Protein chains: 2
Amino acid sequence: MTKCASFDLQDFMPYLLNQAAEATSRAFSSTYRTKYGMLQTEWRVLFHLGRYGDLTAKEICDRASLHKAKVSRAVHALIDKHYLTRATRSDDRRHEVLSLTQQGRDVFDDLHQKAQSYEAALLQDFDHAEIAKMRTILIRIAELDQGRD
Amino acid sequence: MTKCASFDLQDFMPYLLNQAAEATSRAFSSTYRTKYGMLQTEWRVLFHLGRYGDLTAKEICDRASLHKAKVSRAVHALIDKHYLTRATRSDDRRHEVLSLTQQGRDVFDDLHQKAQSYEAALLQDFDHAEIAKMRTILIRIAELDQGRD
DNA sequence: GAATAATGGTTGCGAGTGCAACTAACAAGA
DNA sequence: TCTTGTTAGTTGCACTCGCAACCATTATTC
């Protein structure tokens with residue numbers, strides 16, 4: 001009854017999403033942080049290159065909805081760690097194509113596998129159909145923001 | 001088929017949650033940011049006081065899963081904005097009880113109402129039962145992290 | 001009741017972020 | 001070809017955050 005006039009913070013979807021997102025990404029971040037000294041953006045860049053092959057920084061920005069400054073810094077950090085190299089594209093020298101090194105691929109394989117394990121453990125108690133439904137809703141919500149920049 | 005051995009970033013729940021959380025909280029943050037110059041933590045502190053009455057900083061930390069340093073700074077910012085006052089509790093002078101000023105309450109009422117509108121608009125396309133189910137899952141996921149600090 | 005621990009809250013510092021300004025390279029129009 | 005505009009990527013700066021060290025107050029232990 002009073003719910004109609006006033007709602008709890010627990011009912012506010014942005015808050016709930018933030019809490020859940022922080023909980024899970026904090027938990028998983030220790031995986032790449034302690035073992036490889038990586039930040040979240042570095043992990044995401046590494047993931048994109050490992051999963052989808054060579055990409056330019058711009059392509060990673062678009063795919064991952066990351067700001068170019070953030071990606072630029074992550075790329076530099078990953079180069080310093082010898083996880084990736086870059087080459088200027090000869091036909092358009094504005095583009096820098098990024099490629100994983102063997103070491104970078106090894107790290108990706110390790111983290112990719114650990115990500116799958118984490119995912120499985122996180123969702124083991126939930127119904128598969130519910131999770132599938134939730135994924136589609138989350139994707140829809142995330143896409144609301146795509147039209148910026 | 002290949003999905004069994006390798007998954008996309010879109011399938012990784014922490015990533016998905018982050019994308020959705022960032023999209024929604026970025027969208028709503030403009031509401032309190034542009035009109036009242038508030039940060040997310042300030043909005044959360046204001047919300048707790050407006051919704052649940054007078055609280056100490058510690059109580060807000062526990063309820064909102066926020067670090068005490070973050071809350072401390074938010075409280076100072078809100079005091080500077082004349083949105084709240086505080087009084088040392090006479091029986092235990094370590095505790096500072098926070099109370100909204102009339103101005104703070106007005107701001108809360110405005111933002112609270114706007115939050116409800118945003119929530120309704122955000123979820124209008126989705127099935128009520130699905131959303132309810134998702135809320136419970138999100139709360140469960142968020143609680144996984146509670147056992148820290 | 002003196003020493004020690006625990007609690008609520010503050011602050012300094014290093015690190016990460018967002019934004020806007022910038023460079024370098026290419027494109028288009030006159 | 002000169003000007004103007006656009007795009008990919010970098011960097012400086014101000015701001016926010018997380019952590020740990022810290023202060024003040026209260027509890028506990030002997």
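Predicted model, so just to flag it, every value in this text is computed and none were measured. All chains are named by letter (A, B, ...) in the order of the sequence lines, taking the proteins before the strands, and each is independently numbered beginning at 1. The basis for the numbers below is simple: all heavy atoms, side chains too, and nothing from hydrogens, waters or symmetry mates.
- The only option from L49(B), L98(B), D62(B) that meets the side-chain contact (heavy atoms from CB on, under 4.5 Å) definition with L55(B) turns out to be L49(B).
- We find that NZ of K58(A) is positioned 15 Å from C1' of dC26(C), with the value rounded to whole Å.
- Listed by residue number, the members of residues 77-89 of chain A with any heavy atom below 4.0 angstrom from DNA chain D are R86(A).
- Taking a 6.0 Å sphere around NZ of K133(A), one finds it holds 12 or fewer heavy atoms contributed by other residues, nucleotides or ligands.
- Ring-centre distance between Y15(A) and F47(B): not below the 6.0 Å cut-off.
- Remark: R73(B) does not engage E42(B) in a salt bridge, criterion side-chain N to carboxylate O under 4.0 Å.
- Below 30°, between 30° and 60°, or above 60°: for F28(A) and Y118(A) the angle between ring planes is between 30° and 60°, a tilted geometry.
- Taking the charged nitrogens against the carboxylate oxygens, E130(B) and R135(A) have no contact shorter than 4.0 Å, which rules out a salt bridge.
- In this entry the distance linking CG of D91(B) with P of dT7(C) reads 17 Å, nearest Å.
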* At under 4.0 Å between heavy atoms, which parts of nucleotides 11-19 of chain D does protein reach? Answer with one letter per nucleotide, 5' to 3': B base, S sugar-phosphate only, - none. => BBB--SSBB

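- For H95(B), whose side chain is taken as the heavy atoms from C-beta onward, the closest listed nucleotide among dG9(D), dG8(C), dC26(C) is dG8(C).
- Atom pair D92(A):CG and dT7(D):P shows a separation of 12 Å (rounding to whole Å applied).
- Between the CZ atom of R93(B) and the P atom of dA24(D) there is a distance of 12 Å, rounded to whole Å.
- Between the side chains of D109(A) and Q113(A), no donor-acceptor pair of N or O atoms lies under 3.5 Å.
- Distances shown here put every side-chain N or O of R94(B) at or beyond 4.0 Å from the OP1 or OP2 atom of dT26(D).
- Taking atom CG of residue D62(A) and atom P of nucleotide dT7(D), one finds them 11 Å apart after rounding to whole Å.
- Taking the centre of each ring, W43(B) and Y36(B) stay at or above the 6.0 Å mark.
- The CG-P distance, from L98(B) to dG8(C), rounds to 13 Å in whole Å.
- Scanning for ring-ring contact (aromatic ring centres under 6.0 Å, His included) contacts around Y52(A) gives H48(A), with sequence neighbours left out.
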